[in-house]
Asks: 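Sharing a structure here in structure tokens format.
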Amino acid sequence: ALAKGTLYRVSLGAGLKAGEGPLPTTTEVATSFTTYGPLAVVELKCGWGHDPCRPGTGKWIRVTNAVKNPDVKKVITVTPAVADFAPQCSGSWCNLPGTYRAQTKYTFTVSAGLEDIYEQKLGKAWSGMLFVGDELSQVQLPVETAVGVTEAKGNRQVAVKSINVGKVTLRLVGLGPEQVGPALSLMEKRWWGEWTEKSMAPSLGGKVVQQEVVLGRQRNVWSRVGLSLEKALGQGRTGLVFVELHAPEVRKDYRYANP
């Protein structure tokens, strides 16, 4: 039997003749292969490179050989408990999805019963630790595109969700029908370099209403704040409003974020 986890080199020397044909090989023919080794845990990882480990960052365990049964809920466990924890293995990679809490240390355990495709078991339980840091700083408006609709009556507010952002600068511009086209064209350029550094609002030609808005004060907890449109529309009036939020804090977590 071949030894496990060993590199072998197989070579056929020059001058070898086959059963058919008279010509021998003129040079050495060689190849190599490695036999599979014992099943072992290689690493526990969160994310790629040097990025911080966050609640939403991918987490996984890598082992030396492909896992036999991809459903490993009884074999891979975590403490403290993680909501929706559903580990799944593909090949030698085991993904560890779930709803993780910020600023929490988690211990992952792989039981001795983990088995690879060669019917080898881990043999001895393995444990590793990950520290999950803060949530990524985010500010979200309740629209999928650049255009949204709100009620004409009622509080006439736009709800803003945020996490780990203390305040934003709000700019509102009431738009006439002739300004809608230019505003939409400008919005298509919002990811261009110059517009990630300066406000679009003054370019629209209308009165800019600006104010500082305080968002959530509690770390790692989503908050909702209503932004009134009255100052741009006028009391009780309806119409179109350009809404711009400037949140430089999002760049403290990701320097390429568009604030």
Side-chain angles (χ1 to χ4, degrees), residues 47 51-52 54-57 99-103 132-259:
D51 291 336
R54 303 188 186 280
T57 306
T99 305
Y100 293 85
R101 297 193 299 270
Q103 291 295 315
V132 178
D134 289 331
E135 290 274 8
L136 184 70
S137 300
Q138 299 178 64
V139 178
Q140 298 179 358
L141 285 168
V143 291
E144 293 292 333
T145 62
V147 180
V149 179
T150 187
E151 297 292 337
K153 298 180 179 180
N155 61 18
R156 292 152 57 89
Q157 294 182 344
V158 175
V160 174
K161 287 180 61 179
S162 67
I163 189 167
N164 292 344
V165 176
K167 65 179 181 179
V168 297
T169 300
L170 168 67
R171 298 183 182 92
L172 303 174
V173 181
L175 301 177
E178 72 284 354
Q179 294 171 291
V180 174
L184 291 175
S185 296
L186 194 60
M187 284 296 295
E188 292 178 356
K189 302 175 183 178
R190 62 189 181 277
W191 295 106
W192 291 21
E194 64 174 307
W195 298 116
T196 62
E197 303 297 334
K198 67 179 183 179
S199 171
M200 288 183 169
S203 302
L204 297 173
K207 178 183 177 182
V208 179
V209 178
Q210 178 173 317
Q211 68 180 89
E212 298 297 312
V213 179
V214 176
L215 302 179
R217 298 184 182 275
Q218 189 173 354
R219 295 289 296 173
N220 298 308
V221 176
W222 283 96
S223 66
R224 291 172 63 92
V225 173
L227 305 179
S228 175
L229 303 178
E230 294 288 354
K231 291 184 179 180
L233 289 172
Q235 189 68 34
R237 295 181 180 179
T238 60
L240 302 170
V241 181
F242 176 85
V243 180
E244 180 183 76
L245 297 175
H246 186 230
E249 288 182 64
V250 298
R251 281 193 171 166
K252 68 185 178 183
D253 290 338
Y254 182 56
R255 64 177 179 172
Y256 299 112
N258 186 342

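Remember, it's a predicted structure, so these values are computed and weren't measured experimentally.
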Asks: Donor-acceptor check, side chain of Asp253 to backbone of Leu136, threshold 3.5 angstrom: yes or no?
Replies: no
Asks: Is it true that atom NZ of Lys252 has more than 12 heavy atoms of other residues, nucleotides or ligands lying nearer than 6.0 Å?
Replies: yes
Asks: Closest heavy-atom contact between Ala183 and Leu175?
Replies: CB-CD1, 3.9 Å
Asks: List the atom of Leu170, the atom of Leu227, and the distance in Å for their closest heavy-atom pair.
Replies: CD1-CD1, 4.0 Å
Asks: Indicate the atoms forming the closest heavy-atom contact of Val168 with Ala247, along with that distance.
Replies: CG1-CB, 3.5 Å
Asks: Under the side-chain hydrogen bond (donor to acceptor under 3.5 Å, both in side chains) definition, can you give me all pairs with a residue in residues 215-244, not counting sequence neighbours?
Replies: Asp134-Arg219, Asp134-Asn220, Arg156-Glu230, Ser162-Ser223, Asn164-Asn220, Arg171-Glu244, Ser199-Glu244
Asks: Which heavy atom in Val165 sits nearest to a heavy atom in Val250, and how many Å separate them?
Replies: CG2-CG1, 4.1 Å
Asks: The criterion is ring pair (Phe, Tyr, Trp, His ring centres under 6.0 Å); which residues satisfy it with Phe242, sequence neighbours excluded?
Replies: none
Asks: Under a 3.5 Å distance rule, please check whether Glu249 uses its side chain to pair with a backbone N or O of Gly166 as donor and acceptor.
Replies: yes
Asks: Side chains of residues 184-194: which donor-acceptor partners sit under 3.5 Å, not counting sequence neighbours?
Replies:
from, atom 1, to, atom 2, distance (Å)
Ser185, OG, Gly181, O, 3.2
Arg190, NH1, Met187, O, 2.7

Asks: Tell me the closest heavy-atom pair linking Val158 and Pro142, and the distance in Å.
Replies: CG1-CD, 4.0 Å
Asks: Considering non-hydrogen atoms only, spot the tightest contact between Arg54 and Val132 and give its length.
Replies: C-CG1, 3.5 Å
